[in-house]
Amino acid sequence: MTKTLWINLPVEDVNKSKEFFTKIGFTPNTQYGANEDSASFIVGENGLIIMLFKKSVYESFAGTSVSEKSSGAEVLFSIDAESAEDVDEIAKKVVEAGGSIYGQPGYKDGWMYGCGFIDLDGQRWNILYMDLSKMPLG
């Protein structure tokens, strides 16, 4: 049986990416990734682990080259927020840390509030607050 899942991401500059993810509220994980070519973070209450690897190290693990993120996206990482205000605060931190917003904060379908951002290496993320009491059923 599987014990846990973690996400591995390629980055150009490990130190800049460490700073970015720390500024937006991810918790540094000192158990892994204490090298110049890697970093690790724990995200959320369930303890999801994100590993950042220098691009060349990532490619050696993946057995292939990193795809061109400027022309498409293969994965969208979603972060569950506590409130609409939390979404706004994280979006503000993303911009202050050097990331960019591709989807401005706002409501969708009357029960989801979110925004989309791009990290320093072109990975796409979204932050969502879901008011399940307003979610349409059926």
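Scope of the values below: all heavy atoms of this structure, side chains included, with no hydrogens, waters or symmetry mates.
With sequence neighbours excluded, the residues that form a salt bridge (charged side-chain N to carboxylate O under 4.0 Å, His left out) with K23 are E19. Residues satisfying the ring-ring contact (aromatic ring centres under 6.0 Å, His included) criterion with Y102, sequence neighbours excluded, are absent altogether. The side chain to side chain donor-acceptor pair (under 3.5 Å) test applied to E85 returns S83, not counting sequence neighbours.
Here the straight-line distance linking atom CE of M51 with atom CG of N8 works out to 6.5 Å at 0.5 Å rounding. Atoms CD and CG, from Q104 and D88 in turn, are 10.0 Å apart once rounded to the nearest 0.5 Å. Rounding to the nearest 0.5 angstrom, the gap separating the NZ atom in K108 from the SG atom in C115 is 14.5 Å. From I127, atom CD1 reaches atom CZ of F77 across 14.0 Å, with rounding to the nearest 0.5 Å. Atom CG of D80 and atom CD of E45 lie 8.5 Å apart (nearest 0.5 Å). Between atom CG of residue L52 and atom NZ of residue K16 there is a gap of 14.5 Å, rounded to the nearest 0.5 Å.
With hydrophobic clusters built from ILVMFWY side chains whose heavy atoms lie under 4.5 angstrom apart, V14 does not share a cluster with V57. A single hydrophobic cluster is not seen to contain both I7 and Y58; linkage of ILVMFWY side chains at heavy-atom distances under 4.5 Å, directly or through other members, places them apart. Both M112 and M135 are members of a single hydrophobic cluster when ILVMFWY side chains are connected at heavy-atom separations under 4.5 Å. A single hydrophobic cluster is not seen to contain both L76 and V43; linkage of ILVMFWY side chains at heavy-atom distances under 4.5 Å, directly or through other members, places them apart. Note on Y113 and L132: separate hydrophobic clusters, where clusters join Ile, Leu, Val, Met, Phe, Trp and Tyr whose side-chain heavy atoms are under 4.5 Å apart, directly or indirectly.
The shortest side-chain heavy-atom distance between W111 and M130 falls under the 4.5 Å cut-off. Side-chain contact between S17 and D121: present, with at least one pair of heavy atoms (C-beta onward) separated by less than 4.5 Å. Between P10 and Q123, the closest side-chain pair of non-hydrogen atoms falls below 4.5 Å. A 4.5 Å side-chain heavy-atom check between S40 and I49 finds at least one atom pair inside the cut-off. Here the side chains of L120 and D13 are not in contact, with every heavy-atom distance at 4.5 Å or above.
T22 and P28 make their closest contact through OG1-CG, 4.0 Å (heavy atoms, listed as atom of the first residue, atom of the second, distance). I24 approaches A97 most closely through the heavy-atom pair CG2-CB, 4.4 Å. Closest non-hydrogen pair, S78 versus N126, comes out as OG-OD1, 2.6 Å. Contact record, S100 with V94: N-CG1, 4.1 Å, taken as the closest heavy-atom pair.
For F20 and W125, the ring centers are positioned 6.0 Å apart or more.
Shown here is N15, whose CG atom has more than 12 heavy atoms of other residues, nucleotides or ligands within 6.0 Å.
Ring geometry for F21 against F41 counts as tilted: the plane angle lies between 30° and 60°, on a 0 to 90° scale. Relative ring orientation between F61 and F53 is described as perpendicular, the plane-to-plane angle rising above 60° on a 0-90° scale split at 30° and 60°.
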